[in-house]
Amino acid sequence: MSSSILFSEFARVCSEIEPVSSSLEISARVADFFRGLNDDDLGTAAHFIMGQVFPAWMERELGVGPSFLYESIATAYGMQRRAVEDLLRRTGDIGVTAERMCSQSVQRPLFTEELTLQRTYDNFNLIARIEGKKSQKRKVKLLADLLISAAPLEARYLVRLVAEELRIGVGSGAVRDAVANAFDVPANLVERGYMLVNDFGVVAVTAKNEGEKGLDSLTLIPGRPIRMMLAQLSGGMEKGIGEFSRPVVEWKFDGARVQVHKMGEEVQIFSRRMENITSSLPDIAALIREFVSGDTAILDGEAIAVGPDGRPRPFQDILRRFRRKYDVGQMAEEIPLHLALFDILYSDGSSLLDEPLESRRRFLERTVKEDPEGRIYLASQLATGDLSEVERTYNEALSAGHEGIMIKNLDSPYTPGRRGKNWLKLKPIMETLDLVVGGAEWGEGRRKNLLGSYEIACVEPETGRLLMMGRVGSGIKDDQLSELTDMFREKIISETGIDVGLQPDVVFEVAYEEIQKSVNYDSGYALRFPRLIRVRDDKSAEDADTIERVTELFEGQRTAAQN
DNA sequence: CCTATGTGCTCC
DNA sequence: ATTCGGA
DNA sequence: TCCGAATGAGCACATAGG
């Protein structure tokens, strides 16, 4: 077996791809890179190149976020943490920050052998496994040691890799095409393989050594999570219905997605990111054991927190159940979950992915028994193109406290991991609030040297005080962002790191999905999914929405749905 | 023992 | 999650 | 139309530190 390539080689490839914008050229370059690698390197490079340290199925985490990363850079290059953050503010890129500090550093490498791709991966595994007392310091130290032995360009990509933001324009689409290209196999087979095993490393090595036949033999295995099918926003009720010759409508539940694998008496539950959350959800597992017939099945559905009145509870309550390790039983009583099932991917030995929804639905109906207590049920499905019926379903869903409806194509297969147009979601257009901008943060990457997100606040009319409600950084077009930055530049009253204090006299119209209670902001409320609609040039701070109005809207959310 | 900080995950 | 922008 | 890269709030857990 040939030995591992150097990490500097990987860094060089990244640096060559970074300025390329043509997607064809990107995948061609990745393909060239892949072709020259041995199995081990290919397995690693396939997820590294998309900025992923460990493959998704592997339940391993580095446990290094921005803060430890900055600390490591500071340690490695003998700088202050503050200097790292200041340079980050100016470069807008943590990789470039490390690269510059590396080239100015006088620290000597600790390791004599050169850093290979495999040794990098081994070190990531070491970092991931560190736990217990002083673990944070040990993680920072080990990463710093790696950085000391890296050349500037290596430091750039090592750091970006740890941040899981390679920012070279390579994602799963590019890797899929690169594997197809490098080993002369059809791209759709590569994609299919990736959906099933969640690891481009495995897929690439299979394609390389066993070709099309090998990819073909990859199959769905109960017990191993598969990527979930995603939905796209519908352009409206009529438009959505019009997309399909045979549409069906279901409620869009306000909960959290779960994928349930039943293998005899054994049940495994996976989250959207394919994390195994079985031990947090014993109540769901019990329901599956009791009400799902047949020996093996993979089901897709939504876990919903329900209140005593049977209505869904605020989304925050679901988060208190997911990933819980302690007091699981007690919390299951306090916040009971119901399970709405809407799809089935596997049944007694065969994959149903390629079956049309219509047929999967029949399998689902045959597989799930009715719970007289209604804790586990199938999402009601209405097969109709009749707009008034669809509208009625939509209103029912909202009255029941859910988010809206899903419009699905009865003739479509289950396409894992794809935000295809075979599932459309339809939600109400939310109201907006006019909020005062009281501060901002300097952005990164594409938003370097631009104010990338803005603190928003409502007004307390009696005192004129501003009460913060969170931040908004989405919904802003590029040219608007530079205009905003220019406008706010003159209003900066303080600056620490990436945080900027602003004269509070600009009003943003902000849209949102929901108002949530919050302990993090002094208004006591925060917005779920805030986005900027426009700048209210016609309004000044005193005309912004008040805390009373926010409270009214919050109270209204729960009851307004009744009508 | 309590609280603050950091990370990683949810938002079909 | 939402949204924008390049290909 | 797809895909990559910006950005949001809030929860549990592990760890650090008083």
Side-chain angles (χ1 to χ4, degrees), chain A residues 21-26 50-51 61-69 71 92 131-137 139 164-174 176 228-233 250-259 271-273 275 277 280 300-304 314-327 331 340 342-343 379 402-404 406 418-421 423 425 441 443-448 450 452-454 456 469-481 510-521 525-532:
Chain A
S21 59
S22 151
S23 40
L24 287 175
E25 194 181 335
I26 289 175
M50 35 190 276
E61 295 154 359
L62 266 187
V64 176
S67 183
F68 295 172
L69 186 53
E71 202 62 48
E131 59 180 9
K133 252 205 159 357
K134 305 270 176 186
S135 60
Q136 303 187 347
K137 286 209 168 89
K139 277 173 194 265
E164 305 219 80
E165 286 172 348
L166 221 40
R167 294 205 274 231
I168 59 172
V170 176
S172 56
R176 178 238 291 140
M228 295 184 182
M229 182 165 176
L230 304 173
Q232 222 172 45
L233 203 58
E250 295 170 5
W251 286 7
K252 180 184 190 301
F253 301 97
D254 189 10
R257 190 89 174 264
V258 287
Q259 186 177 92
S271 72
R272 214 178 109 116
R273 292 278 283 260
E275 213 179 317
I277 49 170
S280 305
D300 191 1
E302 186 87 355
I304 303 153
F315 179 73
Q316 281 136 300
D317 285 350
I318 298 169
L319 293 182
R320 304 189 61 194
R321 295 285 321 270
F322 270 57
R323 310 183 78 213
R324 176 173 287 279
K325 275 169 79 170
Y326 307 107
D327 305 321
M331 209 42 118
F342 48 73
D343 219 317
H402 288 290
E403 289 193 333
M406 301 293 300
R418 296 196 53 190
R419 195 169 290 279
K421 57 171 178 10
W423 286 12
K425 50 185 168 188
E441 258 184 22
E444 288 189 40
R446 208 149 62 102
R447 295 194 177 176
K448 76 171 177 179
L450 295 167
S453 100
Y454 299 87
I456 44 182
M469 299 200 58
R471 328 185 60 91
V472 60
S474 195
I476 314 171
K477 291 183 174 61
D478 281 4
D479 43 3
Q480 187 183 21
L481 197 66
V510 178
Y512 56 88
E513 299 293 318
E514 191 182 23
I515 298 174
Q516 302 174 314
K517 273 244 182 287
S518 171
V519 291
N520 296 319
Y521 296 109
Y525 297 102
L527 302 178
R528 189 171 169 197
F529 309 143
R531 56 259 193 197
L532 176 66

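Proteins get letters first, then strands, A, B, ... in listed order; numbering begins at 1 in each. Treat the numbers as computed from the prediction; the structure is a model and nothing was measured.
Projected onto DNA chain C by closest heavy-atom contact, Leu230(A) and Lys477(A) fall at different nucleotides, the more 5' of which corresponds to Leu230(A). In terms of position along DNA chain B, the nucleotide closest to Gln136(A) lies nearer the 5' end than the nucleotide closest to the other residue of the pair Glu61(A) and Gln136(A).
In terms of phosphate contacts, Lys252(A) brings no side-chain nitrogen or oxygen within less than 4.0 Å of OP1 or OP2 of dC11(B). For dG17(D), the OP1/OP2 oxygens have a side-chain nitrogen or oxygen of Lys137(A) closer than 4.0 Å. Neither OP1 nor OP2 of dG6(C) sits under 4.0 Å from any side-chain N or O of Ser22(A). When the side-chain nitrogen and oxygen atoms of Ser21(A) are compared with OP1 and OP2 of dA7(C), one or more of them lie within a distance under 4.0 Å. Between Arg320(A) and dC11(D), a side-chain N or O to OP1/OP2 separation shorter than 4.0 Å is absent. Residue Arg167(A) places at least one side-chain N or O closer than 4.0 Å to OP1 or OP2 of dA6(D). Distances shown here put every side-chain N or O of Tyr326(A) at or beyond 4.0 Å from the OP1 or OP2 atom of dC13(D).
If you check every strand for non-hydrogen atoms under 4.0 Å, Leu166(A) touches nothing. Counting non-hydrogen atoms under 4.0 angstrom, Asn520(A) reaches the backbone sugars and phosphates but no base. Nucleic acid contact for Phe68(A): sugar-phosphate only, since backbone atoms but no base atoms lie under 4.0 Å from a heavy atom of the residue. Using a 4.0 Å heavy-atom criterion, one finds that Ala174(A) contacts the sugar-phosphate atoms exclusively. Among the atoms of the strands shown, none is found under 4.0 Å from any heavy atom of Val519(A). Here Gly301(A) lies out of heavy-atom contact (under 4.0 Å) with every strand. Using a 4.0 Å heavy-atom distance criterion, Lys517(A) is classed as a sugar-phosphate-only contact. Across all strands, Leu481(A) comes closer than 4.0 Å to no nucleic acid atom at all (heavy-atom distances). Within 4.0 Å of Glu165(A), counting heavy atoms only, lies no atom of the nucleic acid at all. Residue Ser518(A) is in sugar-phosphate contact alone, with no base atom involved, counting any heavy-atom pair closer than 4.0 Å across all strands shown. If you check every strand for non-hydrogen atoms under 4.0 Å, Glu302(A) touches a base. The residue Ala526(A) sits close only to the backbone: its heavy atoms come under 4.0 Å of sugar-phosphate atoms, none of a base. Residue Gln232(A) is in sugar-phosphate contact alone, with no base atom involved, counting any heavy-atom pair closer than 4.0 Å across all strands shown.
Separating the CG atom of Leu319(A) from the P atom of dC9(B) is a distance of 14 Å, rounded to the nearest angstrom. Straight-line distance from the CZ atom of Arg471(A) to the P atom of dT2(C): 20 Å, rounded to whole Å. The distance from atom NZ of Lys134(A) to atom P of dT5(B) is 19 Å, rounded to the nearest whole Å. The CZ-P distance, from Arg531(A) to dA5(D), rounds to 23 Å in whole Å.
The base of dT2(C) is paired with the side chain of Ser474(A) by a donor and an acceptor separated by under 3.5 Å. One donor-acceptor pair, N or O on each side, does fall under 3.5 Å between the base of dG8(B) and the side chain of Arg323(A).
In this structure, Arg447(A) contributes its side chain and Gly452(A) its backbone to a donor-acceptor pair below 3.5 Å. Checked by atom type and distance alone, the side chain of Glu302(A) pairs as donor or acceptor with a backbone atom of Gly255(A) at under 3.5 Å.
Judged purely by distance below 3.5 Å, without hydrogens or angles, the side chains of Ser453(A) and Arg471(A) pair a donor atom with an acceptor atom.
Side-chain proximity of Ser23(A) to dA6(D), dG10(D), dA7(C): nearest is dA7(C). Counting only heavy atoms from C-beta on, Ser453(A) has its side chain closest to dG8(D) among dC11(B), dA9(D), dG8(D). With dA9(D), dG4(D), dG8(B) as the candidates, the nucleotide lying closest to the side chain of Leu62(A) is dG8(B). For Pro530(A), the listed nucleotide lying nearest its side chain is dG8(D); candidates were dC11(B), dA12(D), dG8(D).
Using a 4.0 Å cut-off between charged side-chain N and carboxylate O, Arg528(A) and Glu403(A) make a salt bridge.
Between Phe342(A) atom CZ and Lys252(A) atom NZ the span is 9.5 Å, to the nearest 0.5 Å.
Taking the C1' atoms as reference points, dC11(B) lies 16 Å from dT3(C), given to the whole Å.
Closest heavy-atom contact between Phe253(A) and Ala379(A): CE1-CB, 3.7 Å.
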